[in-house]
Each structure stands twice: as structure tokens, then as C-alpha cells.
J.: 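Encoded as C-alpha cells, here's the structure I'll be asking about.
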Amino acid sequence: MAIRLAERRYIAELLQNAKIGEKYVVAGWVDTIRVHGKLVFIVLRDRTGKMQLVVKKNVSETAWREAKKLSPESVIGARGTLVESKAALGGREIVVEELVVYSRAEPLPIDIKDPSKTTLAKRLDWRFLDLRHPRNQLIFLVEAEMARAAREFFHSNGFIEIYTSKIVGAATEGGAEVFSIVYFDRPAFLAQSPQLYKQMGVIAGFEKVFEVGPAFRAEPHHTTRHLTEYTSVDFEMGFIDSYEDVMKVAENAVLSMIRSALGKYKDRVQEYFSDALMEVPRTVPRITIREAYKLLRSAGVSIEEGEDLSSEAERKLGEIVLKEYGSPLVFVTEYPWKVRPFYTMRKSDEPDWTYSFDLLFRGLEIATGGQREHRYEVLVSQLQEKGLNPKNFEWYLAMFRYGAPPHGGAGIGLERVVMQFLGLGNIREARLLPRDPERLVP
RNA sequence: GCCGCGGUAGUAUAGCCUGGCCUAGUAUGCGGGCCUGUCAAGCCCGUGACCCGGGUUCAAAUCCCGGCCGCGGCGCCA
């Protein structure tokens, strides 16, 4: 009798509430094989878990012969009787009567039993094998859940999901850091941010928009926290009183991402990631960058007034805030105008500072946002002040001549949230197929 | 882009500083053998490597130069 995969049951189901003594069909990957003379133990793995199969010579000699020859990670199907077994993991096992080998695996090029035994570079070369390990799969289950939670959050708060173009004719925020591509016979670029387009969404009348999509940065960073292609969770909202309204949304979005991930995967996260954040943070403290300078200076970090925070300063600030406020997250606000892009709104009373913020998660920037300048004349002069040519922004500037509400928004780096949440040492782990200055394959 | 460190079996490493004792060690994997209760099974046997190119030297895994690749720091950023 042939095995029909339509009858297949998931392992988690068999371990929990299937009937002992019944026959079942299972299928998946061979996790481990222990040949024990006339007995062969197979640990079978599917997306729901692992369970032991026993192949006994005296039950089925055909299956036993096949089982002896199996290689790890081969894909098999089996039919057999579910029995209780004190010795087996999960307390149950299947005594195999029929065995099918769908695909025999060659010797593995990396050790997938323990990801820490292979360097990340090699693991990424063999990503499809690397992801067979539950720990590594979990990273992407968390990512998927966080993205889902973000979408749900924005939808339920009246934001419209938009899909902006990733092929653009001009660099978004002017100048470098963009990938050049050839668009038929013209030069073009990959979008480094949906910034200008999401503002368009607001001004077009959607009022509140969001997008979860790729962003491209041609920056040759060699760090553990940069990718040349990453997923940006962006939102933009109109009719705000101040950038505090934007921070509130960013805060709730990020908290709901963390809350959902913990709600769904807390136990598994705890099992595999000892440095993961295990509790949902409450409210997120806000400190101005000028307060941050003071805190850092009194902690012995030398820092220049009016400058951006270095990565060391951000790390240190993360520690200070955790100690002083008990929060792994912190908003740093009112960044200096000179380190912010042209569309940022400056403080009305102190034009050297802006209505903008960064959100730090365990000392790493995971989001940037603020209120945008919506007054046409001011925008033009700010563009010029940044050394940009208004001619290159004609379509963008036009939006502010036909009715643009006060608005603001933020961009959240999805991989960075995942990385900081799980306590990963390298952002490449949080990207299915990471791109960095060297890596373009797979 | 700048700076630092590195590249040895399928994987992870020892050896490199102080060249010859390296016929390159160890773990794991892989191949074979024994085993009816293992659980990253155990035991026995076997297998397999000095990134590429050039140079120094009687002699190079080891020293020098270049390239490629990897890891990290910085700047910058999400």
C-alpha cells in the first residue's frame, strides 16, 4: 500500500492529541539516524517539530533495509503505528511499517545540528540548509510576526497601505548612497527610502499611509548592523500637532511588534536566544539630544555639542537609559539641523534644532522620524541650504504648492528590530539573503 | 571609503611569531564493520586540507609583495 501524502499528519499533532495505536502517515526531513543493529531510530523533523520513528527488522525488513542506508536531511515519508514510549522524545514514537525515500541528501557541507559550529559566512552560502535548524527558522518566524503585527497596527489605526516605486529617477535625499541602474537608455536609481512618496500619499489625500518594503543603500559599510538591502517599515501621517504625535505612533507600532512576537513565540525564543528581550517594554522615555549630551558627558563619554551621536554614544546611552529609566527603548529628540535631511522641520524657536527623533533599541538606532516641513518657501530654502538643487525636486516641491497639511512620519528598520529583540550579534542573521558590499549570492 | 585581524580536510580548529622535527595534529562529518531501546548512541577500522599568483631561501603551511574572500572597528545610517 503506497503512502499518500494527503493523509500526512504534522508531528506536533501526533505528539499532542493523536490516538495511540492508530496508524499514521508522517513526512519530513531526517534529523538524525541511529542505526542500532536490527533497530534503526530516525528522528523525523517537519515544520512543527521532531519525533522519533523506529524501524524494526522484524516489523518490516524492506523498511529496515531502506532506513539503514538513510542520510541526514533526506526527505522521507513513513506509515506506522503510533505508540507510547518512555524512552522516545515526546513520549511517543512511530513504529514504521512502510518507508519511502523521496529525496536522498548528499553529505552536508555545513554542520546544521549546531549553527554556532559554522561561521556565518559559510552558513549564508548554504542558507537553505542553515534554515533547517529551528533556531534559525525562528528568526524569520519572529520577523514575519513582527511585520504582520506592524501591518495590523497600522491598518487598525486608519493607515492605508501603499506600494511605492523602488526604481527612481533621482536620488531621494540628494547625492550619494544610491545604487545606479540602467533604465532602458537612461540612468536611474534604486530607492533608498520611500520618504518622498509616502509624503505624497499624505498630501494626495490619504492622510495616513504606511509601507513595508525594501530600501537600498549603496554604502560600503563593514559592520554587524548594516545591510545594503533591508526592509523598511515606513509610515507618514497628516494633520499632526507636533512630532510627538508621530512618536506616539512609532512607539505603539514597535511595542506591538515586540508584544506580538513574544505573545506567539516567547517559549521558543527563550529556548534558543539567551540574550532576547523577554518582556514587553512599557512606555518609552523621551530625552532631547541636548539632555543626551549631558548624560553621556557625565558618564565619561566625550561628545561634541551639536553633533550626531556616534555608535559608541548610542550604545552607552542605551545602557544609561536602561539603568535610569528601566527601558530598553528610548526616543532621542530634537536632533541638530545640520545632521538631518532637508525635509525636516526645524524648531520654530531654535532653528538649529529640529522636530525630529531617533528611536534607540538596546543602544541601536531602529527608527528615525519627525515632523516634515510642509511650507513651500521654507522647504525651498532648506533644500538650498543643504546644497541641493531645487530643480531636481520639482515634482516633490510642487506638492507643497497645492495644499499640504502639517505632517510627519518615521521609518523603522525591520531587521534591526528583530536583531535587537533576539539579541543577535549580526544583522545578517536577521535577513534571509543578506546583501552587503561583498555578498551578492545567493 | 579608511583602519585592524584573518584564510589549513565537508565543517570547526592546532601548527605560523622562532622556516627543516609536518609523512600537517585534534574534534566532528563521511565510508565500512558490530549491536533490539538509542536519543548529537557507543566501540573498532578507514577517508580527507595548507585561498590564488609572484618573490626570498638549500628548504615555505610558516617570511615578503599583490589579488580575491572573510571577520570586526570607524565614519554613516534603519
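Each chain gets a letter, A, B and so on, in the order the sequences are listed, and its residues count up from 1.
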J.: What does the B/S/- profile of nucleotides 27-39 of chain B look like, 5' to 3', with a 4.0 Å heavy-atom cutoff to protein?
T.: ---S----BBBBB
J.: Does A/Glu161 have any side-chain contact (heavy atoms from CB on, under 4.5 Å) partners at least two apart in sequence or in another chain, and if so, which?
T.: A/Arg151, A/His155, A/Tyr163, A/Phe210
J.: Using a 4.0 Å cut-off on protein heavy atoms (strictly under), produce a 5'-to-3' string for nucleotides 69-76 of chain B with B for base contact, S for backbone-only sugar-phosphate contact, and - for none.
T.: -SSBBBBB
J.: For A/Glu305, does the CD atom have more than 12 heavy-atom neighbours from other residues, nucleotides or ligands under 6.0 Å away?
T.: yes
J.: Between A/Tyr343 and A/Tyr396, does the ring centroid distance fall short of 6.0 Å?
T.: no
J.: What integer number of Å spans the P atoms of B/rU8 and B/rU13?
T.: 8 Å
J.: Would you indicate what A/Glu229 reaches in the nucleic acid, counting non-hydrogen atoms under 4.0 angstrom: base, sugar-phosphate, or nothing?
T.: nothing
J.: Rounded to the nearest Å, what distance is computed from the CZ atom of residue A/Phe357 to the P atom of nucleotide B/rA78?
T.: 11 Å
J.: Map every base of RNA chain B to its dot-bracket character, where paired means a Watson-Crick or G-U wobble contact with both distances under 3.5 Å and | marks a partner outside the strand.
T.: (((((((..((((......[....))))((((((.......))))))...(((((..]....))))))))))))....
J.: What's the gap between B/rC51 and B/rG7 when it is taken at their P atoms, as a whole Å value?
T.: 8 Å
J.: Separation of A/Arg340 atom CZ from B/rC77 atom C1', in whole Å?
T.: 10 Å
J.: Counting only N and O atoms by type, is there a donor-acceptor contact under 3.5 Å from the side chain of A/Arg217 to the main-chain atoms of A/Glu219?
T.: no
J.: C1' atom, B/rG6 versus B/rC16: distance in rounded Å?
T.: 12 Å
J.: Side chain of A/Gln52, backbone of A/Val43: donor and acceptor closer than 3.5 Å?
T.: no
J.: Categorize A/Leu414 for me: base, sugar-phosphate, or nothing, with a 4.0 angstrom heavy-atom threshold over every strand shown.
T.: nothing
J.: Identify whether any heavy atom of A/Thr118 sits under 4.0 Å from a base atom; if not, whether one sits that close to sugar-phosphate; answer base, sugar-phosphate or nothing.
T.: sugar-phosphate
J.: Below 4.0 angstrom, which residues in residues 363-372 of chain A have at least one non-hydrogen atom near RNA chain B?
T.: A/Glu365, A/Ile366, A/Ala367, A/Thr368
J.: Any salt bridge linking A/Glu271 with A/Arg135? Criterion: basic side-chain nitrogen under 4.0 Å from a carboxylate oxygen.
T.: no
J.: Can you tell me how far P in B/rG1 sits from the matching atom in B/rA60, rounded to whole Å?
T.: 35 Å
J.: Considering only atom C1', compute the distance from B/rU18 to B/rC63 and round it to an integer number of Å.
T.: 11 Å
J.: One thing to verify: whether A/Arg346 and A/Glu385 come together as a salt bridge, which I'm taking to mean a side-chain N less than 4.0 angstrom from a carboxylate O.
T.: yes
J.: Quick one: do the A/His222 and A/Glu438 side chains pair a donor with an acceptor below 3.5 Å?
T.: yes
J.: Taking atom P in both B/rC77 and B/rA61, what distance in whole Å separates the two?
T.: 48 Å
J.: Once salt bridge (Lys or Arg N to Asp or Glu O under 4.0 Å) is applied, do any residues pair with A/Glu152, and if so which ones, sequence neighbours excluded?
T.: A/Arg148
J.: Please determine whether a side-chain nitrogen of the Lys or Arg among A/Arg290 and A/Glu307 lies less than 4.0 Å from a carboxylate oxygen of the Asp or Glu.
T.: no
J.: Sticking with atom P, work out how far B/rG53 lies from B/rC17, rounded to a whole angstrom.
T.: 22 Å
J.: Quick test of your reading of the model: are A/Lys23 and A/Glu98 salt-bridged, counting only N-O distances below 4.0 Å?
T.: no
J.: Using the C1' atom in both, what is the distance from B/rC52 to B/rC68, to the nearest Å?
T.: 7 Å
J.: Rounded to whole angstrom units, what separation is found between the CD atom of A/Glu314 and the C1' atom of B/rA78?
T.: 11 Å
J.: Salt-bridge test for A/Glu97 and A/Arg79: reply yes if a basic N is under 4.0 Å from a carboxylate O, no otherwise.
T.: no
J.: Roughly how many Å is it from CG in A/Asp234 to P in B/rA78, rounded to a whole number?
T.: 10 Å
J.: Tell me whether the centres of the aromatic rings in A/Phe179 and A/Phe216 are closer together than 6.0 Å.
T.: no
J.: Measuring centre to centre across the rings, with the benzene-like ring taken for any Trp, is A/Phe235 within less than 6.0 Å of A/Phe154?
T.: yes
